[in-house]
Every structure is written in structure tokens, then in C-alpha cells.
Number of protein chains: 2
Amino acid sequence: MTISEENYIKVIYHLSQVSPKGVTTNAIAGTLDTKASSVTDMLKKLADKNWVSYQKYQGVSLTESGLLKAKMVVRKHRLWEVFLVEKLGFAWDEVHDIAEELEHIQSDALIGRLDEFLGYPSFDPHGDPIPNAKGEMVKEERILLSEAQRNHTYRFIGVKDSSPGFLQYLDKQKIALGAPIELLEIEPFDHSICIRINEQELVLSQKIADNLYVLKHV
Amino acid sequence: MTISEENYIKVIYHLSQVSPKGVTTNAIAGTLDTKASSVTDMLKKLADKNWVSYQKYQGVSLTESGLLKAKMVVRKHRLWEVFLVEKLGFAWDEVHDIAEELEHIQSDALIGRLDEFLGYPSFDPHGDPIPNAKGEMVKEERILLSEAQRNHTYRFIGVKDSSPGFLQYLDKQKIALGAPIELLEIEPFDHSICIRINEQELVLSQKIADNLYVLKHV
DNA sequence: AAAAATATTTAGGCAAAACTAAAAATAGTT
DNA sequence: AACTATTTTTAGTTTTGCCTAAATATTTTT
């Protein structure tokens with residue numbers, strides 16, 4: 001499997017999470033920053049190799065073997081991110097691009113030993129679950145903070161947007177993974193919210209609340 | 001710099017150690033397992049980018065910037081080997097191919113932090129010196145065991161051949177890096193030698209002795 | 001020094017993965 | 001249902017890094 005093929009499979013996997021009935025050519029092109037015609041070419045190749053099922057003009061979805069391939073790439077990406085943060089001391093906003101390269105190293109022995117070295121982590125530094133060697137991962141009952149209810153308390157467990165800009169904003173506001181968040185107020189006009197975190201009150205815009213995953217109960 | 005370009009530069013660097021007056025097209029082709037015509041193509045490209053000086057039919061040598069590039073690839077390769085052995089518990093005969101992939105990850109920050117994490121090692125698991133960020137590395141007064149003198153004691157500090165087969169042979173004979181070796185006898189007929197190592201006597205063929213680096217004094 | 005052997009380069013092609021431009025299919029709108 | 005807009009595919013190119021086969025240099029042998 002080439003690096004390019006792995007990247008396509010991974011992107012199709014991520015886009016499938018949002019639109020499970022089929023991923024469009026344009027969506028893939030947009031994510032990978034290529035042209036739609038290039039995507040069509042690659043989809044044919046991936047279909048030939050039985051990693052996606054693809055009908056002209058109807059979008060694609062991963063086959064069983066494609067899904068496993070995708071999960072293995074995601075597994076590698078997230079394990080490397082844990083390594084970069086936990087062992088090398090990188091900040092959570094610095095690791096994505098490096099992991100993007102490391103995820104393509106081909107060695108099952110390597111990734112198995114890395115997993116062991118890291119203590120078999122279940123989540124990466126952004127709160128995303130790490131598939132095990134079989135592709136299984138924990139599934140949490142998480143919601144977006146923008147969908148949460150007034151006067152309830154949640155736990156901040158992940159980000160939807162993991163771009164450096166957003167992560168740096170969270171650092172600045174001292175909003176860290178695992179923190180309890182109490183939803184104090186929802187402003188009807190602009191959907192901004194007021195929360196209590198670290199014993200302080202904080203106002204977050206809808207856009208921010210829309211990118212924070214919280215645990216439903218407690 | 002592409003992966004292919006890095007591999008060429010690295011191979012030219014290694015071959016230069018043996019033949020400093022110029023590396024031949026065929027030597028490169030042999031090492032990289034490609035055809036001479038492919039090498040010629042690449043040499044032109046590398047010359048255009050000023051990483052090698054190349055005269056038709058006269059072989060190549062690295063320019064100053066090419067030499068630094070090569071040392072940085074070697075640095076990455078050897079640091080990753082240390083990581084694989086020291087941190088992930090791989091054996092010294094298992095790490096070459098994985099490091100061959102890892103050496104192409106592009107991130108100065110990564111390699112700097114990896115170096116720090118490993119405690120700024122000076123040698124890789126095979127006893128080869130690791131260049132620092134400037135390309136400097138320690139130079140030892142080492143010789144081959146086949147060039148050593150009778151009744152002198154040496155220290156085993158490196159291997160010339162680092163193929164898995166040879167390394168496994170050394171493991172089997174309990175010949176480990178750092179061990180003192182006393183040269184007891186040189187057999188004139190086949191140049192095999194008798195040594196004392198780990199309080200035991202051992203006979204080594206010329207081929208073995210020809211691939212072991214030892215420290216000259218003590 | 002000429003002939004033979006070897007090494008290297010040139011010329012022409014191929015496959016992967018991207019591109020542009022044009023054609024075809026689908027979706028949306030009146 | 002027809003027209004328009006959008007999406008997707010096809011067709012034809014480009015670039016990178018490799019290949020084979022043929023031509024040219026260099027080296028070795030006689």
C-alpha cells in the first residue's frame with residue numbers, strides 16, 4: 001500500500017464518520033487538497049484492490065478490508081502522537097504534521113512495541129480513541145458542548161477541530177482535557193455559553209462550544 | 001529533498017568512506033539495487049541541485065552541502081536505531097530496515113527532541129558514531145581485528161558488516177559490543193585467529209575477524 | 001597500439017500520481 | 001419537464017524515478 005493510497009483510505013474513513021452513506025469525490029478532493037479528477041483516478045485503483053466499493057457518480061465507502069486498513073493508519077497516527085507528547089515533550093498542537101509522516105512507517109513489530117512502550121493508551125493527546133491491533137476502540141457517549149444542557153456538569157474529553165490555532169486558544173484559556181465543565185448559561189441571541197471551569201467563569205462563543213466534546217454524564 | 005534523493009546522497013556518502021577520490025556509477029547502482037542508467041539520471045539531478053559534483057564518466061563526490069545532507073540522514077538513521085534498541089527493546093539485528101524508513105521523516109524539531117530523549121548518544125547499537133546537529137562526530141582510532149597483533153588486548157567497538165546474519169552469529173558466540181578481546185594466536189595458513197573473550201577461548205575465521213572493529217590501545 | 005571487455009551515458013518508454021480542459025451525469029430550480 | 005448549475009468522469013499531459021536497448025567512453029588485455 002503506497003503512502004498516497006493510505007492517505008486516501010484514511011480520509012475516506014474520516015469522512016465516513018460524518019456521512020456514513022457514501023463519501024463524495026469532491027469531499028475527498030477538498031480534504032486532500034487535490035483535484036476531483038485525481039480522486040476519480042485513485043478511487044478506481046482502490047476499488048480494483050477491493051479497499052472501497054465505488055459506483056461511478058455515487059461516491060465511495062470502505063470495504064471491510066479497507067476499513068481495517070484505515071483503522072491501522074489511524075492507530076499508527078494516534079500512537080505516534082502519544083509518543084510525541086508523552087515521551088518527547090511536544091505540545092498537543094505541534095504533533096499532527098509529524099504524526100502524519102510517521103503513520104506511514106510500515107512495520108507491525110514497530111507499532112506493537114511502540115504500543116507496549118506507551119502502556120497501551122486508549123486515547124491520543126486530543127482525546128481521540130486509539131484502535132487496538134484488531135481495529136477495536138472504545139466508544140464514549142460524547143456530545144458537543146454546544147448541545148449540552150444548562151446547569152449540568154460535564155467532562156471535557158476531546159476536540160472536534162484539532163488545528164493548532166484552536167488548540168492554542170484552549171491552552172490560553174486553560175481548558176485542558178479531562179477538566180470538569182459546568183454549563184451555567186446559554187445566551188439565546190448568539191448561542192454563546194457561560195461555563196465554570198477551574199473555579200472560574202468563562203464565556204465561549206458558539207463556534208468554540210461546537211468544537212468541544214464532553215462526556216454526557218458527570 | 002525526496003526520499004530517493006536522500007537515499008542516493010546517503011549511499012554516495014557511505015561509498016566515499018571507502019573510495020574518497022570519487023564514487024562510481026556502478027557502485028551506486030549495486031548498493032541501491034538499481035540500474036546504472038537510473039543512477040546517471042539521478043546524478044544529473046543531484047548535480048543540478050549542487051549536492052554532488054559530477055563529471056561525466058568520472059564518478060561523483062559530495063559537495064559541502066551534500067555532505068551535510070548525508071550526515072543528517074545518517075544522524076537520523078542512527079538515532080532511530082538507538083531508540084528502537086534502547087527504548088523499544090529490539091535486537092541489534094532487527095533495526096536496520098525500520099530505521100531505513102524512519103530516517104526520512106522530515107522534522108528537525110523531532111530529531112532534536114529524540115536526541116535529547118535518548119541522552120545525546122555518541123554511538124548507535126552497532127558502534128557507529130552519530131553525527132550531532134552540525135554534522136560533527138567522534139572519530140576513534142579503530143582497526144579491524146584481522147589487522148591486530150598477537151598477544152595484544154583490544155576492545156570490540158563496532159562491526160563493518162551489520163547484516164542480521166553476521167550480528168546473529170556474534171550473539172551466538174556471545175561477542176558483544178564493548179567486550180575486551182585478547183588475540184592469542186594467528187594461524188598463518190588460513191588467517192584464522194584464536195582470541196580470549198568472556199574468559200573463554202574462541203577461534204574466528206578471517207572473514208569474521210575482517211568485520212570486527214576493535215580499539216587499538218587497551 | 002589495437003582489440004576486447006567493461007563501464008557509463010543516451011534515447012526512448014513505462015507506471016504512479018498529480019494536473020487541465022472538455023464531456024457527461026446528476027441535482028436543483030423554475 | 002426543461003433548463004441551469006454543480007459534480008463527476010474522461011482524455012490527454014506532466015513529473016519523478018525507474019526500466020531496456022543501443023551508443024559511446026574508458027580500461028584492460030594482448
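All chains are named by letter (A, B, ...) in the order of the sequence lines, taking the proteins before the strands, and each is independently numbered beginning at 1.
- Annotation: proximity of residues 20-51 of chain A to DNA chain D (heavy atom, distance under 4.0 Å) is found for A/Thr24, A/Thr25, A/Asn26, A/Ala36, A/Ser37, A/Thr40, A/Lys44, numbered in ascending order.
- Fit an axis to the five pairs at each end of the helix from C/dA1-D/dT30 to C/dT30-D/dA1 and the two axes sit 0° apart, to the nearest 10 degrees.
- Taking 4.0 angstrom as the limit, B/Tyr54 places a side-chain polar atom (N or O) nearer than this to OP1 or OP2 of C/dT9.
- The closest side-chain heavy-atom distance from B/Phe117 to B/Leu79 is not below 4.5 Å.
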With the criterion being N/O to N/O and under 3.5 Å, what pairs connect the protein with nucleotides 2-5 of chain C, and how long is each?
none

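- One interatomic measurement links the two molecules: OH of A/Tyr57 to P of C/dA23, which rounds to 13 Å at whole-angstrom precision.
- Panel note: side chain A/Glu147, backbone A/Leu144; a donor-acceptor pair is recorded below 3.5 Å.
- Here salt bridge (charged side-chain N to carboxylate O under 4.0 Å, His left out) pairs that include residues 122-139 of chain A, with residues two or more places apart or in two chains, are A/Arg78-A/Asp124.
- Legend: residues meeting ring pair (Phe, Tyr, Trp, His ring centres under 6.0 Å) with A/Trp80, ordered by chain and number and at least two apart, are A/Phe83.
- A search for side-chain hydrogen bond (donor to acceptor under 3.5 Å, both in side chains) contacts involving A/Arg113 returns nothing, not counting sequence neighbours.
- Listed by chain and residue number, nothing satisfies the side-chain hydrogen bond (donor to acceptor under 3.5 Å, both in side chains) test with A/Glu94 (two or more places apart in sequence, or in another chain).
- Distance, B/Ile3 CD1 to C/dA16 P: 18 Å, rounded to whole Å.
- Read 5' to 3', the first and last nucleotides of DNA chain D with an atom closer than 4.0 Å to a heavy atom of chain A are D/dT7 to D/dT10.
- Counting only residues at least two apart or on different chains, the salt bridge (charged side-chain N to carboxylate O under 4.0 Å, His left out) pairs with a member in residues 29-57 of chain B are B/Glu5-B/Lys49.
- For the side-chain hydrogen bond (donor to acceptor under 3.5 Å, both in side chains) test, residues two or more places apart in sequence or in another chain that qualify with A/Glu6 are A/His104, A/Gln106.
- Of the possible donor and acceptor atoms, none in the side chain of A/Arg150 sits under 3.5 Å from a partner among the backbone N and O of A/Glu185.
- Ranked by how close their nearest DNA chain C nucleotide is to the 5' end, A/Lys56 and A/Ser4 are led by A/Ser4.
- Listed for the A/Ser122 side chain is no donor-acceptor partner under 3.5 Å among the backbone atoms of A/Val138.
- Residues satisfying the salt bridge (Lys or Arg N to Asp or Glu O under 4.0 Å) test with A/Glu100, not counting sequence neighbours, are A/Lys10.
- In this structure, the side chain of A/Thr63 engages the main chain of A/Asn50 through a donor-acceptor pair within 3.5 Å.
- Residues passing the side-chain hydrogen bond (donor to acceptor under 3.5 Å, both in side chains) test with A/Arg142: none are found, sequence neighbours excluded.
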